[in-house]
Amino acid sequence: MPSAVGHHWRYRNIVDQARDLLDGRPVRLALGHWLGTVPPVGWWLQAGMSGGQIVEQAVHVLDLARVLVGEVTMVHAVPSEHTGQDGEIDRATAAVMRFAGGAAGLLATSCLLAHQHRVGLEVCAEGIALDVSETRLLIDGRRVIEDDGQAKTRVDRQFVNAVRGGQADVRVPYREALRTHRLALALARSAAEHRPVALAPDAGRLPAGVSP
């Protein structure tokens, strides 16, 4: 049975272009952001139901970081204090990440704002800086490439093709999504336990007896 997880950012045409621009240039610094608001659903603020902002929202930024930078080996997340009710999620978190390839990373999240402010990933490699958002790719702060806005359509279409047994470009099967999810959970754990958390090299390995 085919599987696919909705990390639709992987289907953005600007992400493909970012990968091409970074070919042969290892990323050395990654800066991720999800600075926005609370979605209008009652369960979202409950940590036991949403998992928190990193797990439910910023996981898309983390997945993009894995695509452009690589696997993460250590995280240390620091939550802000908030005045919400017990059991509610952290309203802001800052985290550092160490990538297996040697890059340093930062992630900032907040749901304190009235409107979406900033969502995306900036990366710096030798001689180039890229800023990938939901709508455009900014190259070296000067050149802008607009996304075509078709990523969600593409991810749905490829899954339908897979279910029908035809040729399909499924970029995030269960096994791949599990790696991103475990990274998000490591950050959430670090914030909850107030300590760094290391990720094992096999952090995305499936449990025995489970097929992708």
Side-chain angles (χ1 to χ4, degrees), residues 4-41 44 53-72 91-97 99 101 103-161 168-172 176-177 179-181 183-184 187:
V5 177
H7 285 300
H8 63 279
W9 284 40
R10 295 202 188 201
Y11 290 84
R12 296 189 187 281
N13 64 302
I14 55 174
V15 171
D16 292 334
Q17 293 180 68
R19 295 183 73 173
D20 290 342
L21 289 166
L22 292 170
D23 187 30
R25 298 176 172 182
V27 172
R28 293 305 178 206
L29 179 66
L31 310 171
H33 309 86
W34 195 297
L35 309 177
T37 186
V38 175
V41 287
W44 198 85
Q53 187 179 17
I54 291 175
V55 173
E56 205 284 324
Q57 277 186 333
V59 66
H60 292 286
V61 176
L62 294 174
D63 190 68
L64 180 59
R66 289 188 55 244
V67 170
L68 297 182
V69 189
E71 301 300 338
V72 175
R91 302 304 179 92
T93 304
V96 296
M97 300 180 289
F99 289 84
L106 300 173
L107 176 70
T109 66
S110 177
C111 57
L112 292 168
L113 309 180
H115 303 283
Q116 195 90 307
H117 172 60
R118 189 173 191 182
V119 175
L121 181 73
E122 298 175 65
V123 296
C124 295
E126 186 69 33
I128 193 169
L130 304 179
D131 186 347
V132 185
S133 75
E134 293 182 291
T135 59
R136 55 102 180 101
L137 169 64
L138 178 63
I139 305 168
D140 292 331
R142 297 190 299 267
R143 180 185 171 200
V144 176
I145 300 176
E146 299 292 339
D147 187 70
D148 62 10
Q150 297 301 306
K152 291 182 179 180
T153 300
R154 280 193 284 267
V155 68
D156 289 345
R157 173 50 55 193
Q158 294 306 322
F159 181 61
V160 170
N161 290 344
D169 179 20
V170 175
R171 301 183 184 183
V172 196
E176 179 64 11
R179 291 186 179 274
T180 298
H181 183 60
L183 171 56
L187 282 155

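In this chain, residues are counted from 1 in sequence order. Predicted model only: the values in this text are computed from it and were never measured. These values consider heavy atoms only, across backbone and side chains, with no hydrogens, waters or symmetry-generated copies.
Listed here is the closest heavy atom pair of Cys111 and Val38: O-CG2, 3.5 Å. In plain terms, the two heavy atoms of Asn161 and Ala168 that are nearest each other are CB-CB, 3.9 Å.
With sequence neighbours excluded, no residue forms a ring pair (Phe, Tyr, Trp, His ring centres under 6.0 Å) with His33. Taking Ala4 as the reference, Phe159, Val170 meet the side-chain contact (heavy atoms from CB on, under 4.5 Å) condition, with sequence neighbours excluded. In terms of the side-chain contact (heavy atoms from CB on, under 4.5 Å) criterion, residue partners of Ala95 (sequence neighbours excluded) are, by chain and number, Ala77, Leu107, Leu187. Checked against side chain to side chain donor-acceptor pair (under 3.5 Å), Thr180 has the following partners two or more places apart in sequence or in another chain: Asp63, Arg66. With sequence neighbours left out, the salt bridge (Lys or Arg N to Asp or Glu O under 4.0 Å) criterion links Asp16 to Arg171. By the side-chain contact (heavy atoms from CB on, under 4.5 Å) test, Ala30 is found to be paired with Val69, Phe99, Leu121, Val123, residues two or more places apart in sequence or in another chain being considered. For Glu56, there are no salt bridge (Lys or Arg N to Asp or Glu O under 4.0 Å) partners two or more places apart in sequence or in a different chain. In this view, His181 satisfies the ring pair (Phe, Tyr, Trp, His ring centres under 6.0 Å) rule with no residue, not counting sequence neighbours. Remark: Val132 engages Ile14, Val15, Ala18, Leu64, Leu68, Leu137 in a side-chain contact (heavy atoms from CB on, under 4.5 Å) (not counting sequence neighbours).
Every pair tested for salt bridge (Lys or Arg N to Asp or Glu O under 4.0 Å) that includes a residue from residues 20-37 fails, sequence neighbours excluded, so the list is empty. Residue pairs meeting the salt bridge (Lys or Arg N to Asp or Glu O under 4.0 Å) criterion with at least one member in residues 113-124, sequence neighbours excluded: Arg118-Glu122, Arg118-Asp131.
Using a 4.5 Å cut-off on side-chain heavy atoms (C-beta onward), Gln53 and Thr93 make no contact. Residues Val27 and Leu130 have side chains not in contact (no heavy-atom distance under 4.5 Å, counting atoms from C-beta outward).
Ring-plane geometry between His60 and His7 is classed as perpendicular, the angle between the planes exceeding 60 degrees on a 0 to 90 degree scale with a lower cut at 30.
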Side-chain donor-acceptor distances from residues 142-154 under 3.5 Å, at least two apart:
unit_1 : atom_1 : unit_2 : atom_2 : d
Asp147 : OD1    : Asn13  : N      : 3.3
Asp147 : OD2    : Gly149 : N      : 2.9
Asp148 : OD1    : Gln150 : N      : 3.0
Asp148 : OD1    : Arg154 : NH2    : 3.0
Asp148 : OD2    : Arg154 : NH1    : 3.1
Asp148 : OD2    : Arg154 : NH2    : 3.3
Arg154 : NE     : Tyr11  : O      : 3.0
Arg154 : NH2    : Tyr11  : O      : 2.9

